[in-house]
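Below is one structure; the comments refer to it alone.
We're numbering straight along the sequence, starting at 1.
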Amino acid sequence: MNRPNNILMPKLANDYQAKLATPFAVLGIRTKEGWLTDIEYLPLDTPPLAFQNSLAREVCKQLQAYLANPSFIFDLSLHIGGTIHQHQVWQAIQAVPAGTTCSYADIAAQLNSAPRAVGQACGANRLPIVIPCHRVITKNGGIGGFMHASNGSPLVIKRWLLHHERV
């Protein structure tokens with residue numbers, strides 16, 4: 001069984017270039033050679049870490065802009081591995097405006113895929129919030145899963161983000 005991505009598992013302090021405290025989690029930010037590579041949700045009691053480079057500073061600045069205005073559009077250099085299908089799903093998700101949602105089935109139909117494959121691509125997203133997989137819900141309007149989880153802290157985060165964008 002693969003270990004889920006972004007599931008509130010703390011890493012070593014030097015593993016991040018910043019840790020940004022938010023109302024729903026501490027965001028562990030990783031950058032490498034001028035690219036944003038990862039954002040992970042860490043427990044709320046994780047100590048913040050000041051940015052360690054200029055890109056981490058910009059990532060924190062843009063995440064704070066999103067927290068102030070959920071319609072903020074990110075402009076960051078992203079580096080994320082994945083399959084062609086995953087990249088297609090992530091691209092489709094980025095087209096979903098703040099304050100709206102789409103279903104796994106809608107994206108699957110758009111990509112000639114299956115809803116479960118879309119859900120797996122969402123779970124593999126290493127840049128949550130920037131690639132807003134929290135905006136993807138079930139066909140019947142249910143919240144669905146988040147970060148390969150169907151309950152617990154990940155769904156609390158998803159609900160917080162959706163509520164934030166609808167205020």
Side-chain angles (χ1 to χ4, degrees), residues 1-11 15-17 20 22 24-43 55-56 59 62-63 66-67 70-166:
M1 181 171 151
N2 292 337
R3 188 180 124 208
N5 295 325
N6 301 316
I7 302 252
L8 304 171
M9 294 181 179
K11 304 282 185 177
D15 200 25
Y16 298 102
Q17 284 67 55
L20 178 67
T22 71
F24 52 88
V26 172
L27 301 178
I29 297 161
R30 286 197 192 98
T31 63
K32 185 174 182 180
E33 299 173 1
W35 299 92
L36 173 61
T37 61
D38 295 272
I39 297 174
E40 292 186 2
Y41 298 111
L42 305 174
L55 178 56
V59 172
Q62 291 194 28
L63 286 165
Y66 165 80
L67 292 171
S71 295
F72 177 81
I73 297 173
F74 290 93
D75 181 23
L76 297 164
S77 299
L78 309 179
H79 185 273
I80 183 168
T83 66
I84 292 170
H85 180 262
Q86 288 171 332
H87 281 271
Q88 290 171 333
V89 170
W90 299 331
Q91 201 168 23
I93 291 168
Q94 286 181 292
V96 178
T100 64
T101 58
C102 66
S103 73
Y104 298 98
D106 291 339
I107 293 175
Q110 178 184 341
L111 300 177
N112 196 25
S113 181
R116 185 174 295 264
V118 170
Q120 289 298 313
C122 288
N125 175 16
R126 293 177 25 206
L127 298 173
I129 303 174
V130 176
I131 299 174
C133 54
H134 61 274
R135 296 179 189 155
V136 184
I137 61 172
T138 67
K139 187 176 179 178
N140 65 5
I143 194 164
F146 194 54
M147 302 183 297
H148 291 298
S150 56
N151 57 34
S153 296
L155 292 187
V156 170
I157 293 169
K158 184 172 184 174
R159 283 186 185 96
W160 191 98
L161 293 167
L162 290 171
H163 177 73
H164 171 63
E165 291 186 1
R166 290 192 173 123

Steps toward side chain to side chain contact (heavy atoms under 4.5 Å, CB included) verdict (L76, W35): CA-CA 8 Å; L76 297 164; W35 299 92; over 6 Å; no
Pair E33-H79, side chain to side chain contact (heavy atoms under 4.5 Å, CB included): steps then yes or no: CA-CA 10 Å; E33 299 173 1; H79 185 273; over 6 Å; no
Side chain to side chain contact (heavy atoms under 4.5 Å, CB included) between Q62 and F72, intermediate numbers included: CA-CA 8 Å; Q62 291 194 28; F72 177 81; 3.7 Å; yes
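In this structure, K158 NZ and F24 CZ are separated by 14.0 Å, a value rounded to the nearest 0.5 Å. Residue I29 holds its CD1 atom at 13.0 Å from CG of D15, rounded to the nearest 0.5 Å. Between the CG atom in L161 and the OH atom in Y41 there is a gap of 5.0 Å [rounded to 0.5 Å]. One finds the OG1 atom of T37 at 10.0 Å from the CG atom of L78 (value rounded to the nearest 0.5 Å). With values rounded to the nearest 0.5 angstrom, K32 atom NZ is found 10.5 Å from D38 atom CG. How far CD1 of I143 is from CG of N151: 11.5 Å, rounded to the nearest 0.5 Å.
Here the side chains of R30 and E40 are in contact, with some heavy-atom distance below 4.5 Å. Within the 4.5 Å cutoff, the side chain of L27 has heavy atoms near those of the L63 side chain.
Considering all non-hydrogen atoms of both residues, P43 and V26 come closest at O-CG2, 3.5 Å. The minimum heavy-atom distance between C102 and V96, with the atom names listed, is SG-CG2, 3.5 Å. Across all non-hydrogen atoms, the minimal contact from T31 to Q17 is N-OE1, 2.6 Å. Residue I157 comes nearest to A25 through the heavy atom pair CD1-CB, 4.2 Å, listed as atom of the first residue, atom of the second, then distance. Between A108 and A114 the shortest heavy-atom distance is CB-C, 3.5 Å. Closest non-hydrogen pair, A149 versus P154, comes out as CB-CG, 3.7 Å.
Screening V89, I93, I80 against N125 for a side-chain contact (heavy atoms from CB on, under 4.5 Å) leaves a single residue, I80.
Summarising the local packing, CD1 of I73 is surrounded by 12 or fewer heavy atoms from other residues, nucleotides or ligands at distances under 6.0 Å. The number of heavy atoms from other shown groups lying within 6.0 Å of CG (N112) does not exceed 12. For CD of Q91, the number of neighbouring non-hydrogen atoms (other residues, nucleotides, ligands) closer than 6.0 Å is 12 at most.
Between H134 and F146, the ring-plane angle classifies as perpendicular under the 30° and 60° cut-offs.
When ring centroids are compared, H164 and Y66 come within the 6.0 Å threshold. Two rings, from H87 and W90, have their centers less than 6.0 Å apart.
Residues R135 and E165 are paired through a salt bridge, judged by an N-O separation under 4.0 Å between the basic side chain and the carboxylate.
The side-chain contact (heavy atoms from CB on, under 4.5 Å) check on Q88 picks up I84, H85, L111, with sequence neighbours excluded.
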